[in-house]
Number of protein chains: 2
Amino acid sequence: MNNQGRTAGLPTLEDVARQAGVSTATVSRCLNNPAQVTEATRARVMEAVEKLRYTPNFGARALAARRTNTYGAVIPTMENAIFARGVQAFQDALASIDSTLLVASSNYEASVEESQIRNLVARGADGLLLIGADRDPAIYDFLAERGIPVVLAWAIGNQPGVSFVGFDNEAASRKLAEKALKLGHRRIAYISAQSIHNDRARARVEGVRAAMKAAGLDPQSLRLVETHYSIKRGKAAFHTLMEGEDRPTLVMCGNDVLAVGAVMAAREMGIDVPGDVSVTGFDDIEIATVVSPPITTVHVPHRKMGNLAAQALLRQTLEGKPPETICLETEIAERASLGPVG
Amino acid sequence: MNNQGRTAGLPTLEDVARQAGVSTATVSRCLNNPAQVTEATRARVMEAVEKLRYTPNFGARALAARRTNTYGAVIPTMENAIFARGVQAFQDALASIDSTLLVASSNYEASVEESQIRNLVARGADGLLLIGADRDPAIYDFLAERGIPVVLAWAIGNQPGVSFVGFDNEAASRKLAEKALKLGHRRIAYISAQSIHNDRARARVEGVRAAMKAAGLDPQSLRLVETHYSIKRGKAAFHTLMEGEDRPTLVMCGNDVLAVGAVMAAREMGIDVPGDVSVTGFDDIEIATVVSPPITTVHVPHRKMGNLAAQALLRQTLEGKPPETICLETEIAERASLGPVG
DNA sequence: TTGTAAGCGTTATCAC
DNA sequence: GTGATAACGCTTACAA
């Protein structure tokens with residue numbers, strides 16, 4: 001029913017203080033600022049803590065200290081590995097300074113994301129990790145108003161007042177497209193995530209268009225399909241693209257999950273990859289190497305990004321430093337799904 | 001630096017009360033027990049809440065109400081999809097009653113799990129979701145002492161005082177082994193997770209041994225390799241098993257991640273699956289269908305399990321009901337990786 | 001170095 | 001139905 005009330009007779013600071021024969025202030029210091037206390041009294045206090053199995057009450061602590069040592073992250077999805085590694089690294093970095101991460105997922109829905117953000121703020125998050133920059137400006141106002149530091153990852157942008165730790169989605173996508181164009185591909189299709197509220201998705205498409213333009217192709221000739229991120233949707237989109245006349249020789253995908261769907265669909269349809277059609281992904285998550293042929297994709301340094309995002313956020317919350325922008329390099333992971341045009 | 005302090009001038013209950021011309025008590029009632037308040041005053045209060053963009057302070061609330069509406073989950077890993085779907089379902093169920101889930105991962109390490117549990121408790125978790133039953137009894141004492149309801153998922157056991165929402169790992173594994181034995185397999189190997197502190201892993205191995213025994217085989221002839229759960233480790237284990245003389249005709253795996261590793265290793269080694277050797281998994285996560293051949297595995301109803309686990313936990317925390325045990329059915333997902341013995 | 005005591009922002013128990 | 005007011009358990013000036 002409740003957990004920390006006296007109903008269960010949980011020990012409080014006062015109990016510990018009494019047991020150790022000191023004041024509550026001293027006990028508090030032992031726990032938060034051991035340096036301020038003599039070795040002897042600290043030993044005595046710690047003994048009491050052990051004996052009583054004392055655990056500090058989070059609510060009381062947050063209330064008094066006006067700080068929770070809790071951070072929040074809202075990611076689009078937990079169901080595939082896209083964000084898992086990065087968030088794990090972020091969490092590890094926080095854990096190393098005894099802070100906790102609350103993770104929520106928005107299912108790629110703006111309204112859900114907004115309520116998750118409010119929720120995390122209400123729960124006293126000291127700082128927030130969000131993905132991408134594309135959201136209602138009111139949200140940034142809300143956060144700025146309460147002085148909550150924010151780091152935006154997986155992208156680079158120019159939202160004032162927040163940190164960015166990400167990479168250049170457009171450039172990465174362009175580089176991959178250029179490689180494909182050099183292999184002779186001209187009829188190109190792209191399976192993208194819904195681009196609304198998704199700056200990463202849009203930038204990736206734009207990168208391809210830029211490469212096409214630079215190669216003298218009409219960027220508007222890019223055949224674009226937008227869908228949700230899932231293997232199933234990737235399959236369906238690939239079907240759609242391959243059913244018509246004038247099949248593309250290259251199907252680029254907004255992420256590896258879609259690309260895996262595309263490759264699986266190709267196999268089901270008896271289409272050879274990369275013989276009949278090449279496929280590319282984005283992210284370089286494990287599944288990209290599991291499917292056959294393995295997928296040529298953009299390698300994103302997820303771990304590093306998560307770790308650096310945490311560092312950047314902590315510099316803001318703990319040291320009061322201003323927001324900063326860190327742009328990471330990506331590289332192309334060359335595998336078998338991309339080959340020269342038929 | 002801090003987020004809810006007056007530094008940012010955040011509105012408090014008192015501000016709202018003043019604005020609406022009522023007492024703080026009335027504002028509190030409007031928020032928590034609207035029925036106790038007249039329609040008229042409530043309207044006035046809500047208006048003030050809107051105007052001030054008031055958000056209740058979590059710490060203060062937790063302190064006064066002795067309840068956080070926050071639940072905790074400690075799962076072995078977030079890096080693959082094994083627990084993702086179940087936890088997502090658990091979280092969805094909590095979200096529907098405005099409660100929040102804090103997720104932590106232990107990396108399959110008992111000591112890490114213990115500290116995560118303490119951490120969640122310290123943060124005021126009203127209840128806990130843990131995986132499996134195999135842990136230091138002192139942890140259960142600790143939890144019972146503070147009256148924190150616990151639900152154990154992914155397994156069934158007999159730990160008193162806690163709920164179980166899971167399935168019979170041994171029976172599921174046995175059923176799969178029986179099916180394989182019927183196909184003529186006699187030289188069997190098993191790639192398992194570390195079995196220490198992992199009742200699910202042990203039960204799955206035992207299920208296979210039971211099937212062997214029932215089929216007149218010596219259970220001790222099962223070639224067992226224990227390793228960490230990862231594709232890489234699965235590959236390595238498969239290599240080890242296949243390098244020696246007297247290769248097995250069937251390699252069963254403790255989960256799909258290991259099985260994917262096994263199938264990939266087979267391909268690399270030029271070993272045909274299931275022609276030369278059959279492979280099975282456990283869990284039925286998406287990756288099992290991505291690899292080729294797709295993996296025959298035990299389908300676990302993750303979503304359902306997560307949802308029912310939440311229900312069971314809420315019955316304890318909200319309604320004060322006693323712990324309960326719910327055993328779900330699993331079934332075999334038949335795919336191409338298991339075939340008759342060569 | 002240690003103690004005293006004033007908050008921190010809610011909820012809940014009384015009266016009215 | 002509403003308003004005072006006493007907790008809730010901790011942190012942190014300020015004193016000693």
Side-chain angles (χ1 to χ4, degrees), chain A residues 1-45 48-49 52 54-69 121-124 126 146, chain B residues 1-45 48-49 52 54-70 121-124 146:
Chain A
M1 214 68 186
N2 74 66
N3 49 66
Q4 329 209 75
R6 276 172 338 196
T7 0
L10 278 200
T12 71
L13 247 207
E14 200 175 337
D15 296 327
V16 177
R18 199 176 310 125
Q19 171 79 28
V22 298
S23 72
T24 60
T26 299
V27 178
S28 177
R29 286 188 198 103
C30 285
L31 267 26
N32 302 305
N33 248 316
Q36 291 184 12
V37 164
T38 355
E39 178 57 34
T41 58
R42 189 174 64 202
R44 205 144 36 90
V45 168
V49 166
L52 266 40
Y54 168 75
T55 324
N57 176 300
F58 176 71
R61 199 171 226 188
L63 189 58
R66 289 124 157 269
R67 177 113 82 66
T68 59
N69 292 317
V121 169
R123 298 193 116 76
D126 288 339
R146 344 227 131 191
Chain B
M1 211 68 186
N2 74 65
N3 49 68
Q4 331 210 71
R6 276 172 337 192
T7 0
L10 277 201
T12 71
L13 248 205
E14 200 175 336
D15 296 326
V16 177
R18 200 176 310 124
Q19 170 80 28
V22 297
S23 73
T24 60
T26 298
V27 178
S28 177
R29 286 187 198 104
C30 284
L31 266 28
N32 302 306
N33 249 319
Q36 291 183 16
V37 164
T38 2
E39 177 58 33
T41 58
R42 189 173 64 200
R44 205 146 33 92
V45 168
V49 167
L52 267 40
Y54 168 75
T55 324
N57 177 300
F58 177 71
R61 199 170 225 189
L63 189 56
R66 285 119 161 272
R67 179 114 80 66
T68 59
N69 292 317
T70 296
V121 168
R123 298 193 114 77
R146 344 227 131 190

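Note that this is a predicted model, so its numbers are computed, not measured. Below, chain A is the first sequence line, B the second, and so on; all start at residue 1.
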Handout entry: Side chains of B:Arg123 and B:Thr70, donor plus acceptor under 3.5 Å
Key =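 Per modelled atom types, B:Arg123 and B:Thr70 side chains form no pair under 3.5 Å.
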
Problem - All side-chain hydrogen bond (donor to acceptor under 3.5 Å, both in side chains) counterparts of A:Thr24, not counting sequence neighbours - result: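 Partners of A:Thr24 under the side-chain hydrogen bond (donor to acceptor under 3.5 Å, both in side chains) test: none.
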
Exercise for the section: Mind grabbing the angle between the end helix axes of the helix from C:dT1-D:dA16 to C:dC16-D:dG1? Five pairs an end, 10° rounding. Expected result: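 About 30°, once rounded to a multiple of 10°.
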
[N] [atom2] sits how many Å from [X] [atom1], rounded?
| X | N | atom1 | atom2 | answer |
| --- | --- | --- | --- | --- |
| A:Arg123 | C:dG9 | CZ | C1' | 16 Å |
| B:Arg67 | D:dG9 | CZ | P | 16 Å |
| B:Arg61 | C:dT11 | CZ | C1' | 10 Å |
| B:Asn57 | C:dG7 | CG | C1' | 13 Å |
| B:Leu63 | C:dG7 | CG | P | 17 Å |
| B:Leu13 | C:dG9 | CG | P | 10 Å |
| B:Leu52 | C:dG9 | CG | C1' | 15 Å |
| B:Arg66 | D:dC8 | CZ | P | 6 Å |

Exercise for the section: Go through the structure and list residues passing side-chain contact (heavy atoms from CB on, under 4.5 Å) with B:Ala64, not counting sequence neighbours. Expected result: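 Per chain and number, B:Ala64 pairs via side-chain contact (heavy atoms from CB on, under 4.5 Å) with no residue.
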
Practice task
Quick one: list whatever passes side-chain contact (heavy atoms from CB on, under 4.5 Å) with A:Ala25, sequence neighbours left out.
Solution key: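 So A:Ala25 forms a side-chain contact (heavy atoms from CB on, under 4.5 Å) with A:Ser23, A:Arg29.
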
Please produce a list of atom pairs where a protein N or O lies less than 3.5 Å from an N or O of nucleotides 12-14 of chain D.
from: D:dA13; atom 1: N6; to: A:Arg29; atom 2: NH2; distance (Å): 3.4

Practice task
Determine the minimum heavy-atom distance between A:Pro34 and A:Cys30, stating which atoms define it.
Solution key: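 It is CG-O, 3.4 Å.
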
Handout entry: Over all atoms of both residues, closest heavy-atom pair of B:Arg44 and B:Ala20
Key =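 Looks like NH1-O, 2.7 Å.
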
Problem - Those residues of residues 35-44 of chain B lying under 4.0 Å from DNA chain D by at least one heavy atom - result: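 Correct list: B:Gln36, B:Val37, B:Thr38, B:Thr41.
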
Practice task
Hey, could you give me the CZ/CG distance between A:Arg61 and A:Asn69, rounded to the nearest 0.5 Å?
Solution key: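 A:Arg61 atom CZ to A:Asn69 atom CG measures 7.5 Å (nearest 0.5 Å).
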
Practice task
Please answer whether the main-chain N or O of A:Thr68 pairs with a side-chain N or O of A:Asp126 as donor and acceptor at a distance below 3.5 Å.
Solution key: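 It does hold such a pair.
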
Problem - Side-chain N or O of B:Thr12 closer than 4.0 Å to phosphate OP1/OP2 of C:dG9 - result: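 B:Thr12 to C:dG9 OP1/OP2: no side-chain N or O under 4.0 Å.
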
Practice task
Among residues two or more places apart or on two chains, list those pairs meeting salt bridge (charged side-chain N to carboxylate O under 4.0 Å, His left out) that have a residue in residues 32-42 of chain B.
Solution key: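 The answer is B:Glu39-B:Arg42.
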
Practice task
State, with a plain yes or no, whether a side-chain heavy atom of B:Thr55 is found less than 4.5 Å away from one of A:Val121.
Solution key: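 Not touching, per the 4.5 Å side-chain cut-off.
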
Handout entry: Any side-chain heavy-atom pair of B:Thr12 and B:Asn57 under 4.5 Å
Key =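 Sidechains of B:Asn57 and B:Thr12: no contact.
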
